[in-house]
Number of protein chains: 2
Amino acid sequence: MSDNLASKITDSELEVMKLLWRAKDALPVTAIREQLQESKGWEPATIKTLISRLVSKGAVHQEKRNVYYYSPVITQKEYSSWATKDLITRIYNGKARDLIASLVDSDGLSEDDIAELRDMFKVEE
Amino acid sequence: MSDNLASKITDSELEVMKLLWRAKDALPVTAIREQLQESKGWEPATIKTLISRLVSKGAVHQEKRNVYYYSPVITQKEYSSWATKDLITRIYNGKARDLIASLVDSDGLSEDDIAELRDMFKVEE
DNA sequence: TTGCTTAAGCTACAATTGTAAACTTAATTG
DNA sequence: CAATTAAGTTTACAATTGTAGCTTAAGCAA
């Protein structure tokens with residue numbers, strides 16, 4: 001994913017993306033609105049603006065049926081991994097291990113997490 | 001560190017923080033400018049604005065000597081760990097291990113990183 | 001001491017973001 | 001078919017951010 005795309009997904013827009021990622025299929029505004037209006041307390045107009053911005057920045061695709069249906073162009077994986085690398089670049093001088101060290105070291109990991117990570121790194125060839 | 005503080009350090013401001021973190025002692029504008037003017041191509045006025053904003057948001061402390069000397073209030077560790085937790089909250093549903101899984105899984109880790117992490121999580125058994 | 005060079009403070013201004021209303025067009029319903 | 005409603009488009013507007021100039025005050029050199 002190009003820096004252009006992901007870097008421009010703002011916090012509010014991300015809420016829309018999350019919803020689209022959760023959905024298996026493309027969704028019409030109605031469906032999007034239904035969820036965000038309640039969970040976020042946003043006005044329909046606000047939600048529409050966010051969707052439009054995402055479409056114009058190429059993060060969401062719109063398909064005309066009876067009414068437009070929206071689906072994510074950028075996958076959640078792409079986005080998360082981009083965001084993570086971005087954090088590493090900006091804050092950890094590009095060193096992924098420093099991120100993890102920081103997590104370990106600031107109690108960012110639960111016992112469970114650590115157990116799981118131990119596993120994760122054990123089996124790895 | 002409160003959410004208030006860290007969440008408000010913007011990208012440009014972060015460059016100033018990084019410099020202050022690197023410095024062992026408080027620095028006068030001159031010193032800060034010297035470095036950022038070259039590395040970032042910023043005008044003196046810009047640098048001054050960033051410093052002022054950091055001071056007013058409480059991330060940097062200023063001490064009047066002959067001239068003001070600036071030093072970080074928020075430590076780099078505090079900031080990184082905050083930023084990391086923030087990422088986890090926003091993108092990984094609060095699950096630190098998902099962050100790491102994503103790193104592993106998107107080739108965000110070099111062989112070296114993995115070796116080191118394996119050490120880090122080595123089972124003492 | 002008087003102006004010259006900066007530091008510090010205040011002001012500016014465009015782009016982005018969060019939030020939304022107003023207007024226009026198309027669809028649904030009586 | 002006319003009226004209502006909902007979808008889609010355009011416009012708005014304040015806060016934040018990136019970037020910087022202008023003004024005033026103060027220290028230093030001549």
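Reminder, nothing fancy here: chain letters follow the sequence lines and each chain counts from 1.
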Protein-nucleotide distance ([X], atom [atom1]; [N], atom [atom2]), rounded to Å:
X        : N       : atom1 : atom2 : answer
Lys40(A) : dA20(C) : NZ    : P     : 13 Å
Leu36(B) : dG18(D) : CG    : C1'   : 14 Å
Ile47(B) : dT19(D) : CD1   : C1'   : 11 Å
Lys48(A) : dA21(C) : NZ    : C1'   : 15 Å
Glu43(B) : dA20(D) : CD    : P     : 5 Å
Ile51(A) : dT10(D) : CD1   : C1'   : 16 Å
Lys8(A)  : dG18(C) : NZ    : P     : 14 Å
Lys57(A) : dG18(C) : NZ    : C1'   : 12 Å

Requested in this report: Scan Thr30(B) against the nucleic acid and name what it touches under 4.0 Å (heavy atoms): base, sugar-phosphate only, or nothing.
Outcome: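 Sugar-phosphate: the residue Thr30(B), judged by heavy atoms under 4.0 Å, touches backbone atoms but no base.
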Checklist entry - What nucleic acid atoms does Thr46(A) come within less than 4.0 Å of, heavy atoms only: base, sugar-phosphate, or nothing? => result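 It contacts base atoms.
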Side-chain donor/acceptor contact of Arg53(A) with base of dT10(D) under 3.5 Å
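When only heavy-atom distances are counted, Arg53(A) does not reach the base of dT10(D) through any donor-acceptor pair under 3.5 Å.
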Between the side chain of [X] and the main-chain N/O of [Y], is any donor-acceptor distance below 3.5 Å?
X         : Y         : value
Lys18(B)  : Arg90(A)  : yes
Ser56(B)  : Ser52(B)  : yes
Tyr69(A)  : Asp25(A)  : no
Asp113(A) : Ser110(A) : yes

Reckon [X] has a side-chain N or O less than 4.0 Å from the OP1 or OP2 of [N]?
X        : N       : answer
Thr10(A) : dG18(C) : yes
Arg33(B) : dA7(C)  : yes
Thr49(A) : dG18(C) : no

5' priority, DNA chain C, between Tyr68(B) and Lys64(A) [closest heavy atom]: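 Result of the comparison: Tyr68(B).
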Practice item. Select from Glu13(A) and Asn66(A) the residue whose nearest nucleotide in DNA chain C is closer to the 5' end of that strand. Key: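 The 5'-side residue here is Glu13(A).
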- Task: Determine whether more than 12 heavy atoms belonging to other residues, nucleotides or ligands lie under 6.0 Å from atom CD of Glu38(A).
- Result: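 No.
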